[in-house]
Amino acid sequence: MPELPEVETVARGLQAALPGRRILNVRLSKTDFIANPAEIERCLPGSRVSRVRRYGKFLVLDLDSSTATSQSPALLIHLGMTGRLILCRPEAPVAPHTHVFFALDDGRELRYTDIRRFGSMQFLPRGVNGSGLEKLGVDPLEVSELAFLSRLRGRRARIKALLLDQGVLRGIGNIYADEILWRARIHPMCLAANLKQDELLCLHRAMRDVLNEAIRLRGSSISDYVDAEGLPGTFQLRHRVYGREGKKCFSCGTPIRRAVVAGRSSYFCPRCQPALRAPARSRGKSRELSAPPKNQNRPKQHEHDGVPKPGGRAHARP
DNA sequence: CTTACGGCCTGGGTGC
DNA sequence: TGCACCCAGGCCGTAA
């Protein structure tokens with residue numbers, strides 16, 4: 001499931017190999033995930049890749065930009081859930097569900113494989129301007145604390161829904177939203193408006209830390225993800241909550257729970273990430289940052305769905 | 001305007 | 001052996 005760190009890893013791999021390469025030939029298999037397959041077949045052969053970059057979860061291949069302006073054509077690719085973009089030799093065995101082949105002038109081949117075809121591909125004749133990319137929010141790794149606060153402060157939506165909203169922040173998906181919230185010790189169901197400024201700043205920091213570490217480890221390989229060389233990432237070995245229902249929290253030992261938040265499976269520690277923030281009545285001391293595993297928790301066992309009711313509906317104000 | 005929710009795309013895995 | 005069904009994530013339309 002390629003999210004920001006995986007797409008960034010693929011983009012870096014392709015950026016190291018593609019600039020200057022000319023596309024000699026395009027071969028398409030299934031095309032129902034391609035916005036304009038005819039244009040791709042007609043316009044791509046002969047064009048040269050000038051740069052590969054990530055924009056949110058999208059890969060942008062800038063083409064023929066001797067001037068490096070945004071007016072030059074580009075190829076926009078979204079890997080969806082199972083998309084792979086791999087550079088290989090033409091004689092390499094073709095993986096099932098490989099739908100696009102780009103023959104390159106260095107003798108290699110760039111292939112797009114996508115089991116589910118939840119990904120997408122689009123040729124942009126005039127570059128990314130007017131492509132819809134401008135509707136996306138800020139990049140999580142570039143946004144300042146101030147801009148981050150202004151995007152989230154006062155919003156009545158669940159914090160997890162906002163992290164996943166590509167119009168707010170571009171690039172975060174379900175896995176990293178959960179990992180970020182665990183690191184920030186914030187329950188996914190919390191309303192953004194109920195978070196204090198220092199909690200939002202903590203979230204900003206956690207977001208940068210988690211994503212940067214994931215990029216360093218070349219992403220998470222949960223199901224199908226591999227980088228441009230076909231190699232898996234290793235950040236899945238560092239997941240603290242995602243996919244760990246029933247397993248012990250790395251911080252306090254409490255079993256990790258799963259609940260549906262914002263329509264997505266969400267994993268969290270019910271103890272480190274309390275749904276109800278303690279009212280800040282005792283001024284003075286800030287809330288403790290380390291969770292002392294004091295009480296022994298009830299014996300493992302299945303927690304019944306157990307979605308702690310967040311304060312959400314409690315203060316429906318007139 | 002903001003938020004919530006259901007449905008859709010596809011195919012691998014699971015359980016009967 | 002076969003088959004129905006669930007689920008994954010992003011996005012969009014609709015409802016409140």
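Quick caveat, the model's predicted, so the values are computed rather than measured. Here is the naming used below: chain letters follow the sequence lines, and residue numbers restart at 1 for every chain.
Cys252(A) is listed as a side-chain neighbour of Cys269(A), based on a closest heavy-atom distance under 4.5 Å. Using a 4.5 Å heavy-atom threshold, the side chains of Pro188(A) and Gln273(A) count as touching. Within the 4.5 Å cutoff, the side chain of Leu231(A) has no heavy atoms near those of the Arg218(A) side chain.
Atom CD1 of Ile172(A) and atom P of dC11(C) are 14 Å apart (whole Å). Here dA8(C) presents its C1' atom at 17 Å from CD of Gln236(A), a figure rounded to the nearest Å. Rounded to whole Å, the distance from CG on Leu164(A) to P on dG9(C) is 10 Å. Distance, Leu136(A) CG to dC11(C) C1': 12 Å, rounded to whole Å. As rounded to whole Å, 16 Å separates atom P of dG9(C) from atom OH of Tyr225(A).
Applying the ring-ring contact (aromatic ring centres under 6.0 Å, His included) test to pairs two or more places apart or on separate chains, those with a residue in residues 192-230 of chain A are Phe148(A)-His204(A).
Shown here are the side-chain contact (heavy atoms from CB on, under 4.5 Å) partners of Ser29(A), two or more places apart in sequence or in another chain: His99(A). In this structure Tyr112(A) satisfies the ring-ring contact (aromatic ring centres under 6.0 Å, His included) test together with Phe33(A), sequence neighbours excluded. For Tyr267(A), the ring-ring contact (aromatic ring centres under 6.0 Å, His included) partners at least two apart in sequence or on another chain are Tyr242(A). Partners of His78(A) under the side-chain contact (heavy atoms from CB on, under 4.5 Å) rule, at least two apart in sequence or in another chain, are Lys57(A), Phe58(A), Ser120(A). When the side-chain contact (heavy atoms from CB on, under 4.5 Å) test is applied to Ser150(A), no partner is found at least two apart in sequence or on another chain. Under the side-chain contact (heavy atoms from CB on, under 4.5 Å) criterion, Leu149(A) pairs with Arg153(A), Gln197(A), Leu200(A), Leu201(A), sequence neighbours left out.
For the pair Phe58(A) and Ser265(A), nearest-nucleotide mapping onto DNA chain C gives the more 5' position to Ser265(A). The residue among Ala157(A) and Arg264(A) whose nearest nucleotide of DNA chain B lies closer to the 5′ end is Ala157(A).
Looking at heavy-atom distances under 4.0 Å, Gly263(A) makes no contact with the nucleic acid at all. No contact: Lys135(A) has no heavy atom under 4.0 Å from any strand.
In summary, contact between chain A and DNA chain B, defined as any nucleotide atom under 4.0 Å from a heavy atom of the protein, begins and ends at dT3(B) to dG12(B) in the 5' to 3' direction.
Arg208(A) has no carboxylate O lying under 4.0 Å from a charged side-chain N of Glu213(A), or vice versa, which leaves the two without a salt bridge. Of the charged side-chain nitrogens involved, at least one lies within less than 4.0 Å of a carboxylate oxygen, so that Arg117(A) and Asp32(A) count as a salt-bridged pair. Ion pairing between Asp178(A) and Lys160(A) holds under the 4.0 Å rule for side-chain N and carboxylate O.
The end-to-end axis angle of the helix from dT2(B)-dA16(C) to dC16(B)-dG2(C), rounded to 10 degrees and based on five pairs per end, is 40°.
Contacts between residues 110-118 of chain A and DNA chain C, defined by a heavy-atom separation under 4.0 Å, are made by Arg116(A), Phe118(A).
Between Tyr242(A) and the phosphate of dA8(C), there is no side-chain N or O to OP1/OP2 separation shorter than 4.0 Å.
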Please list, for nucleotides 13-16 of chain C, all pairs of protein and nucleotide N/O atoms separated by less than 3.5 Å.
none

Could you list the donor-acceptor pairs under 3.5 angstrom formed by side chains in residues 9-23 of chain A, with sequence neighbours left out?
unit_1: Thr9(A); atom_1: OG1; unit_2: Pro5(A); atom_2: O; d: 2.7
unit_1: Arg12(A); atom_1: NE; unit_2: Glu8(A); atom_2: OE2; d: 2.8
unit_1: Arg12(A); atom_1: NH2; unit_2: Glu8(A); atom_2: OE2; d: 3.4
unit_1: Gln15(A); atom_1: OE1; unit_2: Val52(A); atom_2: N; d: 2.7
unit_1: Arg21(A); atom_1: NE; unit_2: Asp105(A); atom_2: OD1; d: 2.6
unit_1: Arg22(A); atom_1: NH1; unit_2: Gly46(A); atom_2: O; d: 2.3

